[in-house]
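Remarks on the structure that follows.
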Amino acid sequence: MQNLSEQEIVRRENLQKIRELGVDPYPPEQFEVTALAADIVANFEEEILEDGKKRGLNYQEVSLAGRIMASREAGKAMFMNLQDSSGRIQLYLRREEICPGEDTALFDMVIKKLLDLGDYVGVKGFVFRTRTGEVTLHVQEFKFLAKSIRPLPIVKRDAEGNVFDAFTDPEQRYRMRYVDLTVNPEYKDIFIKRSKMLSAMRRFFDDQGWLEVETPILQPIHGGAAARPFATHHNTLDMPLYLRIANELYLKRLIVGGFDGVYEIGKMFRNEGMDRTHNPEFTSMEIYVAYKDYNWMMKMVEECLEYVAKAVLDGSTVARFGDQEIDFAGPYERLPLLEGIRKYTGKDVAAMDEAQLRQFCKELHLEVEDNWGRGKMIDEIFGETVEHHLIQPTYITDYPIEMTPLAKKHRSQPGLVERFELYVNGKEIANAYTELNDPLDQRERFEDQLKLRERGDEEAMALDEDFLRSLEYGMPPTSGLGIGIDRLAMLLTNQQTIQEVLLFPQMRPK
RNA sequence: GAUCUCGUAGCUCAGCCGGUAGAGCACUUGACUUUUAAUCAAGGGGUCCUGGGUUCGAGUCCCAGCGGGAUCACCA
């Protein structure tokens with residue numbers, strides 16, 4: 001045990017003294033809770049009697065549990081604030097009631113002196129309204145449930161709304177999320193909304209009859225996306241394994257296997273940079289539906305996001321994000337990629353050859369690498385000139401084939417594939433294709449990726465022979481979709497950083 | 001990975017031109033039976049991120065490192 005602060009030493013001494021007085025600071029038995037603080041404060045009712053006195057009509061025998069977050073002594077009485085999962089309520093204690101006889105040790109010692117802020121307690125009593133009008137629990141029984149031996153940085157607000165001792169340092173908040181959620185309970189709302197978002201999405205898919213599945217996180221070949229993986233090693237098999245960067249190829253194997261619709265909501269892992277929109281592990285939703293194409297998928301996404309937004313935003317489809325208002329009600333604008341570039345630059349990149357594209361990139365002050373092909377440059381031009389305009393949900397459709405080795409060739413436009421990405425607030429939220437199910441075409445695309453890899457592109461896709469075999473057996477026409485769950489959560493909870501929508505964002509070790 | 005910026009008490013922060021560290025809350029002791037940032041009186045608490053350097057003297061200036069935040073690059 002190393003250097004304890006004065007306050008930690010005092011709390012440990014208090015813990016010992018409580019035990020010496022015969023009180024268990026960590027009792028094993030359950031404590032029955034019959035009410036929540038927020039419900040009481042919202043619903044307490046009283047009547048005024050003929051003699052002018054007031055009488056509570058409800059909550060006259062309740063039992064609450066939570067942390068003591070403030071304590072005010074007033075002689076032989078005391079006021080405290082109790083915080084439970086719902087909110088806070090004031091407690092009122094009188095010595096003569098807690099300790100009716102001569103022995104006032106429980107009140108004078110245990111409650112008045114040995115109780116610390118942050119301690120978990122259970123209280124029973126009746127609710128009334130104080131002279132100053134605050135709904136308060138008049139405590140008749142008091143019990144320690146768990147002692148806190150480390151001081152909490154409790155936030156205080158005065159009558160003018162000034163905030164004192166705010167626990168605001170993001171590093172501390174993320175590293176000690178348990179403290180953050182305790183002293184800044186408003187952040188719990190983000191995670192409650194995130195949970196509502198996920199359960200609404202599952203409900204939407206389940207109602208269509210699609211099946212939630214789980215596919216391997218440890219994969220021998222990291223396929224399905226262009227990204228650098230985390231590598232690990234399996235001892236018994238003595239082989240390298242990768243944490244998945246995508247689950248696409250496994251979900252398609254299930255479509256080959258005869259499921260009409262499968263989806264998975266789970267973590268993906270990418271060994272790349274971290275910033276306010278990237279965490280090394282992130283949550284993605286991927287869904288594949290047989291006999292559909294990307295036009296159908298656009299409609300499905302509109303219906304799904306509208307449904308999910310309503311579940312999170314109490315029936316509204318409009319999310320406030322910073323100073324923007326984003327409406328998730330469909331239909332969304334559809335803008336082919338090349339038209340989008342024309343719209344915002346006036347240039348027709350489709351007509352340009354590689355040298356002309358390179359020149360255009362220079363004009364835009366884009367740093368072009370030698371190994372970039374047409375597709376990569378067009379993608380960069382799009383990112384530079386169009387992306388930030390796409391505030392309301394917008395589908396960008398029909399991408400160059402080079403960038404998209406798993407999507408089917410466009411039915412009418414050579415050089416393009418049937419792919420769309422959904423942009424909201426200038427950021428990509430979803431990505432979908434009419435899936436490539438021609439096994440010979442797929443093999444050629446993988447081989448093109450291998451060539452890119454030989455040219456030094458570390459993110460080029462690896463060839464997955466077993467996946468190709470599954471396509472050779474025959475995959476029905478299928479449309480697939482991926483949604484970045486963390487980014488959708490950011491939009492629906494008005495948060496500017498991914499760390500705020502992750503309970504435990506990745507941090508450097510201390 | 002690059003640039004900017006920050007690191008002082010449990011928490012939030014002051015600390016001037018370099019002169020051995022300060023406030024509020026929290027904590028300790030005492031008073032008070034409807035208070036609410038309770039109040040009143042008294043008191044304790046510091047590896048000034050780490051390591052070097054300049055200087056008679058460094059929280060302060062310089063260098064390096066560690067960690068955070070912001071912006072950028074890569075990516076979803």
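Every chain is numbered from 1 and lettered A, B, ... according to where its sequence line falls, protein lines coming before strand lines.
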For A/Asn271, report the nucleic acid contact type (base, sugar-phosphate, nothing); a contact means any heavy atom under 4.0 Å.
nothing
Just to be sure I understand the rule, does A/Arg228 reach a base, reach only the sugar-phosphate, or reach nothing, if contact means heavy atoms closer than 4.0 Å?
nothing
Sequence neighbours excluded, the answer for ring pair (Phe, Tyr, Trp, His ring centres under 6.0 Å) partners of A/Tyr399 is none
Tell me whether the OP1 or OP2 atom of B/A38 has a side-chain N or O from A/Arg72 closer than 4.0 Å.
yes
What about the rings of A/Phe382 and A/Tyr423, do their centers lie closer together than 6.0 Å?
yes
Let me know the distance between CD1 of A/Ile68 and P of B/A38, rounded to the nearest Å.
13 Å
As its Watson-Crick or G-U partner within any shown strand, both distances under 3.5 Å, B/A14 has none
Quick one: look up who B/U60 pairs with, Watson-Crick or G-U, both distances under 3.5 Å, and put none if it's unpaired.
none
Those residues at least two apart in sequence (or on a different chain) that pass side-chain hydrogen bond (donor to acceptor under 3.5 Å, both in side chains) with A/Thr136 are A/Gln90
Going by modelled atom types, is there a donor-acceptor pair between the base of B/U35 and the side chain of A/Gln90 at under 3.5 Å?
yes
Sugar-phosphate, base or nothing in reach of A/Lys267, heavy atoms under 4.0 Å:
nothing
A/Lys252: partners by salt bridge (Lys or Arg N to Asp or Glu O under 4.0 Å), with sequence neighbours left out:
A/Glu248, A/Glu435
Considering Watson-Crick and G-U wobble pairs with both distances under 3.5 Å, what does B/A26 pair with?
none
Separation of A/Lys427 atom NZ from B/C74 atom P, in whole Å?
14 Å
Between the base of B/U34 and the side chain of A/Arg131, is there a donor-acceptor distance below 3.5 Å?
no
To the nearest Å, give me how far apart CE (A/Met507) and P (B/G68) are.
6 Å
Applying ring pair (Phe, Tyr, Trp, His ring centres under 6.0 Å), can you list everything that pairs with A/Tyr433, at least two apart in sequence or on another chain?
none
For atom C1', what is the distance between B/G68 and B/C49, given to the nearest Å?
11 Å
Which letters describe nucleotides 7-15 of chain B, given B = protein heavy atom under 4.0 Å from base, S = only from sugar-phosphate, - = neither?
---BBS---
Contacts of A/Cys361 that satisfy side-chain contact (heavy atoms from CB on, under 4.5 Å) - sequence neighbours left out:
A/Leu366, A/Val368, A/Met377, A/Ile381
Paired to B/G44 by Watson-Crick or G-U wobble criteria (both distances under 3.5 Å) is none
Residues in ring pair (Phe, Tyr, Trp, His ring centres under 6.0 Å) contact with A/Phe126, at least two apart in sequence or another chain
A/His138
Gap between atoms CD and C1', on A/Glu500 and B/G68 respectively (whole Å):
14 Å
Grab the N/O contacts between the protein and nucleotides 30-33 of chain B below 3.5 Å, and write none if there aren't any.
from: B/G30; atom 1: OP2; to: A/Lys113; atom 2: NZ; distance (Å): 3.3
from: B/C32; atom 1: N3; to: A/Gly75; atom 2: N; distance (Å): 3.3
from: B/C32; atom 1: N4; to: A/Glu73; atom 2: OE1; distance (Å): 3.3
from: B/U33; atom 1: OP2; to: A/Lys76; atom 2: N; distance (Å): 3.2
from: B/U33; atom 1: N3; to: A/Glu96; atom 2: OE1; distance (Å): 3.3
from: B/U33; atom 1: O4; to: A/Glu96; atom 2: OE1; distance (Å): 2.4

Of all pairs that satisfy ring pair (Phe, Tyr, Trp, His ring centres under 6.0 Å), the ones with a partner from residues 142-173 of chain A, not counting sequence neighbours
none
Of A/Ala227 and A/Thr497, the one whose closest nucleotide on RNA chain B sits nearer the 5' end is A/Thr497
Mind checking side-chain hydrogen bond (donor to acceptor under 3.5 Å, both in side chains) for A/Lys196 and listing every partner two or more places apart, or none if nothing turns up?
none
With a 4.0 Å cut-off on heavy atoms, is A/Arg270 in touch with a base, just the backbone sugar-phosphate, or nothing at all?
base
Can you tell me how far C1' of B/C27 sits from CG of A/Leu115, to the nearest Å?
14 Å
Residues from residues 241-249 of chain A sitting under 4.0 Å of RNA chain B, heavy atoms only?
none
Need one value for A/Gly273: base, sugar-phosphate or nothing, where a base atom within 4.0 Å counts as base even if backbone is also close, heavy atoms only.
base
When the distance from CZ of A/Arg150 to C1' of B/A26 is rounded to whole Å, what number comes out?
15 Å
Can you tell me the base-pairing partner of B/G1? Count Watson-Crick or G-U wobble geometry only, both distances below 3.5 Å, and say none if there is no partner.
B/C72
Which of parallel (below 30°), tilted (30 to 60°) and perpendicular (above 60°) describes A/Tyr344 and A/His389?
parallel
Only pairs with both distances under 3.5 Å count, Watson-Crick or wobble alike; so what is the partner of B/U33 in this structure?
none
Rounded to whole angstroms, how far apart are CG on A/Asp275 and P on B/G1?
14 Å
Take the protein atom CE of A/Met69 and the nucleotide atom P of B/C25, then report the distance between them rounded to whole Å.
18 Å
Ring centres under 6.0 Å, that's the criterion: do A/Tyr263 and A/Phe205 meet it?
yes
By side-chain hydrogen bond (donor to acceptor under 3.5 Å, both in side chains), A/Arg19 pairs with (sequence neighbours left out) none
Taking atom CZ of A/Arg150 as the centre, report whether more than 12 heavy atoms of other residues, nucleotides or ligands fall under 6.0 Å from it.
no
